[in-house]
Amino acid sequence: MSRRTPMAGWIVWSIRVTVTAHLVSVLAQGVTAGMFITGDVDLLRLHSINGEVASGLATLQFVAAILLWRPGRGAAWPMWLSLLLTLLEGAQHTTGLWRVLDLHIPLAMLIVGISAVMAVWAWGRIEGRAADVPAVARDERAGAPQGTRA
């Protein structure tokens, strides 16, 4: 049975802020795309600029997820999912520039889905692995005498 420990607040907040900012940017992409399709051609430029912002935020989210994993001693899967998002954002940006909408729109749906899952997770309880904390420190926190395990 692996026990969990609270993680440093700055690490938790770095992942929460970057994941949330990325999700907001991704959702704004859908709004600007929809308004462009309905006839507001000026929004294509805003859609392109925000696409670059979303790509940058995905990269920052990846960095925050690395910090969550090391030194935060958290799970590694958010780092891998954030890397996937970063790569998908790059592909998304390229398919948008090339006007390959057959790939651009499904990629957008995938990015929105992954971003939403990451946001729900990030605002939940994020903990580190207690297995990475020395046994003596775990025993002291649990109130057990030093050198014994509960």
Side-chain angles (χ1 to χ4, degrees), residues 1-36 43-97 101 103-150:
M1 177 173 143
S2 84
R3 294 188 291 180
R4 311 300 255 168
T5 60
M7 189 169 297
W10 70 271
I11 293 175
V12 172
W13 281 102
S14 70
I15 195 77
R16 285 180 176 163
V17 167
T18 56
V19 164
T20 303
H22 181 253
L23 178 61
V24 168
S25 182
V26 164
L27 292 174
Q29 284 297 85
V31 171
T32 57
M35 292 177 77
F36 166 71
L43 284 175
L44 184 58
R45 179 160 163 64
L46 181 59
H47 183 73
S48 179
I49 292 168
N50 189 50
E52 293 174 16
V53 169
S55 291
L57 288 169
T59 303
L60 289 176
Q61 176 181 319
F62 175 57
V63 171
I66 291 171
L67 291 173
L68 176 86
W69 177 57
R70 296 286 181 256
R73 301 177 192 239
W77 70 264
M79 176 191 58
W80 295 115
L81 205 52
S82 296
L83 175 60
L84 176 62
L85 270 175
T86 302
L87 297 173
L88 289 173
E89 289 280 356
Q92 178 70 346
H93 192 72
T94 301
T95 60
L97 289 175
L101 298 182
L103 289 175
H104 190 70
I105 294 170
L107 275 175
M109 298 300 99
L110 183 59
I111 290 168
V112 168
I114 294 171
S115 298
V117 166
M118 289 291 296
V120 168
W121 164 79
W123 286 96
R125 188 169 176 189
I126 300 176
E127 299 172 325
R129 292 186 301 272
D132 291 340
V133 177
V136 173
R138 279 197 313 263
D139 294 342
E140 287 173 359
R141 270 189 294 201
Q146 279 190 339
T148 64
R149 291 198 177 195

To the nearest 0.5 angstrom, please state how far the [atom1] atom of [X] sits from the [atom2] atom of [Y].
X	Y	atom1	atom2	answer
Leu23	Met118	CG	CE	11.0 Å
Arg73	Glu127	CZ	CD	15.0 Å
Leu87	Gln92	CG	CD	13.0 Å
Ile15	Met79	CD1	CE	11.0 Å
Leu88	Ile114	CG	CD1	5.5 Å
Gln29	Leu46	CD	CG	8.0 Å

Heavy-atom donor-acceptor pair, [X] side chain to [Y] backbone, under 3.5 Å:
X	Y	answer
His104	Gly96	yes
Ser48	Leu44	no
Ser25	Ala21	no

Check: Thr18 and Phe62 side chains under 4.5 Å, non-hydrogen atoms: no
Strictly by modelled atom types, are His93 and Ser55 linked by a side-chain donor-acceptor pair under 3.5 Å? no
Would you confirm whether the ring centroid of Trp69 sits within less than 6.0 angstrom of the ring centroid of Trp80? no
Compare every heavy atom of [Y] with every heavy atom of [X], then report the nearest pair and how far apart it is.
X	Y	result
Gly124	Arg16	O-NH2, 2.9 Å
Leu68	Ala75	CD2-O, 4.2 Å
Ser115	Val19	O-CG1, 4.5 Å
Asn50	Ala28	ND2-CB, 3.7 Å
Ala58	Thr86	O-OG1, 3.1 Å

Assess the residue pair Leu57 and Val53 against the criterion (side chain to side chain contact (heavy atoms under 4.5 Å, CB included)); give the C-alpha distance rounded to whole Å, side-chain angles, the decisive distance to 0.1 Å, and a yes or no. CA-CA 6 Å; Leu57 288 169; Val53 169; 3.8 Å; yes
Given the rule in the side chain to side chain contact (heavy atoms under 4.5 Å, CB included) test, do Leu67 and Trp10 qualify, once you have shown the distances and angles that lead to the verdict? CA-CA 10 Å; Leu67 291 173; Trp10 70 271; 3.9 Å; yes
Before you tell me yes or no, could you show the steps for Glu89 and Val26 under side chain to side chain contact (heavy atoms under 4.5 Å, CB included), namely the whole-Å CA-CA distance, both residues' side-chain angles and the distance that decides it to 0.1 Å? CA-CA 10 Å; Glu89 289 280 356; Val26 164; 3.7 Å; yes
Pair Phe36, Thr32 - check side chain to side chain contact (heavy atoms under 4.5 Å, CB included), show working. CA-CA 6 Å; Phe36 166 71; Thr32 57; over 6 Å; no
